[in-house]
Amino acid sequence: PSSADLSVMVFESFDALTRFSWNVLRDVDTLIIGHSYTELWTNYKNDLSNFEDVYNIGIGGSVSFDWNDMEENVAAYSPTTLIFMIGINDFPRGLSPEEIANNVRTLLINLKAKVPTLEEVALVSINRTVTHDQFKAQIETTNNLYRNIVNDLSYVHYADVDNAFLTNGTPDAKYFT
């Protein structure tokens with residue numbers, strides 16, 4: 001199976017085990033979705049202690065179109081706030097900045113239409129990494145396209161994290177293990 005198929009299989013098994021309790025759908029206040037940074041964010045409840053009922057369904061290796069494919073699953077959580085970090089895995093898969101941004105825009109517009117309770121989305125910038133620094137220009141272009149999404153959609157906010165992982169303008173290996 002392709003990595004997208006594997007991501008969906010992981011999501012569906014994860015989803016089936018964690019979302020349902022007594023056959024009742026679990027609505028959440030804040031939902032985190034995205035690639036491995038989100039999946040590996042194990043202390044998110046502490047980091048986001050000011051938020052009530054935070055839930056993380058991030059999937060390592062996922063790309064932007066995976067989340068479009070899982071739109072119904074994400075909408076089923078009926079979040080009020082969404083934190084979305086995606087894009088770094090798309091470049092090695094050959095997606096252009098425009099394709100990534102279009103996938104993200106489509107998902108956010110569709111989720112807003114399906115989830116009336118969705119009030120805010122934090123669209124997290126793509127940060128450069130030690131292993132993906134060759135995509136510096138594409139990352140910059142995609143982040144600019146993300147800013148355009150924020151300008152167009154009033155409920156979307158941009159969270160710029162790129163500089164948090166840089167030392168003297170280059171990705172610092174101490175942040176990537």
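Just the heavy atoms: all of them, side chains too, but no hydrogens, waters or symmetry mates, feed the values below.
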Problem set entry | Criterion side-chain contact (heavy atoms from CB on, under 4.5 Å) on I88 and I139, from CA distance to verdict | CA-CA 8 Å; I88 195 66; I139 291 170; 3.8 Å; yes
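- For the residue pair E119 and Y155, the shortest heavy atom distance occurs at O-CB, 3.3 Å.
- Note that CD1 of I83 and NE2 of H157 are 11.5 Å apart. Values are rounded to the nearest 0.5 Å.
- For the atom pair CD1 of I149 and CG of N144, the computed distance is 11.5 Å after rounding to the nearest 0.5 Å.
- Listed by chain and number, the residues in a side chain to side chain contact (heavy atoms under 4.5 Å, CB included) with V161 are M85, V124, S125, N127, F165 (sequence neighbours excluded).
- Taking each heavy atom of S78 and T117 in turn, the nearest pair found is O-OG1, 3.3 Å.
- Residue K136 holds its NZ atom at 12.0 Å from OG1 of T141, rounded to the nearest 0.5 Å.
- The shortest non-hydrogen separation linking R128 to D133 is CD-OD1, 3.2 Å.
- Residue pairs meeting the ring pair (Phe, Tyr, Trp, His ring centres under 6.0 Å) criterion with at least one partner in residues 104-126, sequence neighbours excluded, are absent.
- For residues 40-61, the salt bridge (Lys or Arg N to Asp or Glu O under 4.0 Å) pairs, not counting sequence neighbours, are R26-D53.
- Remark: Y44 engages no residue in a ring pair (Phe, Tyr, Trp, His ring centres under 6.0 Å) (not counting sequence neighbours).
- In this structure, the side chains of I32 and L48 come closer than 4.5 Å at one or more pairs of heavy atoms.
- Closest non-hydrogen pair, G34 versus S62, comes out as O-OG, 3.1 Å.
- Among the candidates L31, V28, L123, V115, the single residue satisfying the side chain to side chain contact (heavy atoms under 4.5 Å, CB included) test with L82 is L31.
- Inter-residue side-chain proximity for L95 and V63 is flagged as unmet; no heavy-atom pair is nearer than 4.5 Å.
- Looking only at side-chain heavy atoms (C-beta outward), Y158 and N143 come within less than 4.5 Å of each other.
- At a threshold of 4.5 Å between side-chain heavy atoms, the hydrophobic network of Ile, Leu, Val, Met, Phe, Trp and Tyr places L145 and F84 in two separate groups.
- Here the side chains of D29 and V54 are not in contact, with every heavy-atom distance at 4.5 Å or above.
- Side-chain contact between T30 and Y77: absent, with no pair of heavy atoms (C-beta onward) separated by less than 4.5 Å.
- Pairs engaging residues 77-91 under the salt bridge (Lys or Arg N to Asp or Glu O under 4.0 Å) rule: none recorded [sequence neighbours left out].
- When each of L107, I59, I33, I57 is checked for a side chain to side chain contact (heavy atoms under 4.5 Å, CB included) with M70, only I59 meets the rule.
- A donor-acceptor pair is defined here as one N or O able to donate and one able to accept, closer than 3.5 Å; such a pair exists between the side chain of K112 and the backbone of L118.
- Once rounded to the nearest 0.5 Å, the distance linking CD1 of I86 with OG1 of T38 reads 7.0 Å.
- Under the side-chain hydrogen bond (donor to acceptor under 3.5 Å, both in side chains) test applied with S64, the options T142, N103, N102 reduce to a single match, N103.
- Y146 places none of its side-chain heavy atoms less than 4.5 Å from the side chain of V156.
- Looking at every heavy atom in both residues, P97 comes nearest to Q138 through CG-O, 3.7 Å.
- Side-chain atoms of S96 come within 3.5 Å of backbone atoms of E99 as a donor-acceptor pair (strictly under, hydrogens ignored).
- Side-chain contact check for I100 versus F65: every heavy-atom pair is 4.5 Å or farther apart.
- At a threshold of 4.5 Å between non-hydrogen side-chain atoms, the residues P92 and F135 count as touching.
- Legend: salt bridge (Lys or Arg N to Asp or Glu O under 4.0 Å) pairs involving residues 139-158, not counting sequence neighbours, sorted by first then second residue: R105-D152, R147-D160.
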